[in-house]
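Since the structure comes first, as structure tokens, the remarks are kept for the end.
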Amino acid sequence: MFLRIALAAQTVALLIQAVTAGLLLSSAGGRAVHSATALAVAATVLLYLVAAVMTRERAAIMAAVGMLVMTLVQMALGMAHVKILHVPLGVLMFGGSMVQMTRVWSAARARTASA
């Protein structure tokens, strides 16, 4: 259950980060909001990593480590203003989080149905 909640929080944080990217492009205060939500993304990615480690499932741990690496690269690219890589990586992160969420929630549903 903790893994599902952590993964859902990460996915929502990534979606909010995309919204604030639009604010960054369209308003003067967008940069501060986008930076603040970047910290929220980092926190939820770490939460997801902790939850994955607690499950002791290799696939979940590897996915969480991959997301952490992408987050660190994403933050470095953003601070360096390398938008040509920063934006596509953000899209990839959201898509990957959605795929993981589908996998985790489907597996939980299958366990409930078989019990």
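The model shown is predicted, which means the values in this text are computed figures rather than measured ones.
- Contact record, Leu3 with Ala51: CA-CB, 3.8 Å, taken as the closest heavy-atom pair.
- Scanning all heavy atoms of the two residues, the minimum distance from Tyr48 to Ala60 falls at OH-O, 4.0 Å.
- No option in Leu49, Thr55, Val50 other than Leu49 meets the side chain to side chain contact (heavy atoms under 4.5 Å, CB included) test with Val53.
- Under the 4.5 Å side-chain heavy-atom criterion for Ile, Leu, Val, Met, Phe, Trp and Tyr, Ile16 and Leu24 are members of distinct hydrophobic clusters.
- Residues Phe94 and Leu89 share a hydrophobic cluster, clusters being chains of Ile/Leu/Val/Met/Phe/Trp/Tyr side chains in contact below 4.5 Å.
- Between atom CE of residue Met93 and atom CE of residue Met67 there is a gap of 5.5 Å, rounded to the nearest 0.5 Å.
- Val99 and Val69 end up in different hydrophobic clusters when Ile, Leu, Val, Met, Phe, Trp and Tyr side chains are linked at under 4.5 Å.
- Inter-residue side-chain proximity for His34 and Leu23 is flagged as unmet; no heavy-atom pair is nearer than 4.5 Å.
- Nearest heavy atoms, Leu92 versus Met70: CD2-SD, 4.0 Å.
- Of all heavy-atom pairs spanning Met75 and Leu39, the tightest one is CE-CD2, 4.3 Å.
- Val12 and Leu46 are assigned to two separate hydrophobic clusters, defined by single-linkage of ILVMFWY side chains at heavy-atom distances under 4.5 Å.
- Gln100 places no side-chain N or O within 3.5 Å of a backbone atom of Leu7 that could act as its donor or acceptor partner.
- In the hydrophobic clustering of this structure, Leu72 does not group with Leu47; members are Ile, Leu, Val, Met, Phe, Trp, Tyr whose side-chain heavy atoms approach within less than 4.5 Å, directly or through other members.
- One N or O on the side chain of Ser35 and one on the backbone of Arg31 form a donor-acceptor pair closer than 3.5 Å.
- In this structure, CG in Leu15 is found 10.0 Å from OG1 in Thr20, a value given to the nearest 0.5 Å.
- Counting only distance, with no hydrogens or angles, the side chain of Ser106 and the backbone of Arg103 share no donor-acceptor pair below 3.5 Å.
- The two residues Ser97 and Gln10 have their closest heavy-atom pair at OG-NE2, 2.8 Å.
- Between Leu14 atom CG and Thr71 atom OG1 the span is 7.0 Å, to the nearest 0.5 Å.
- Under the 3.5 Å distance criterion, the side-chain polar atoms of His86 are left unmatched by any main-chain donor or acceptor of His81.
- Closest approach of Ala13 to Val41, counting heavy atoms only: O-CG2, 3.5 Å.
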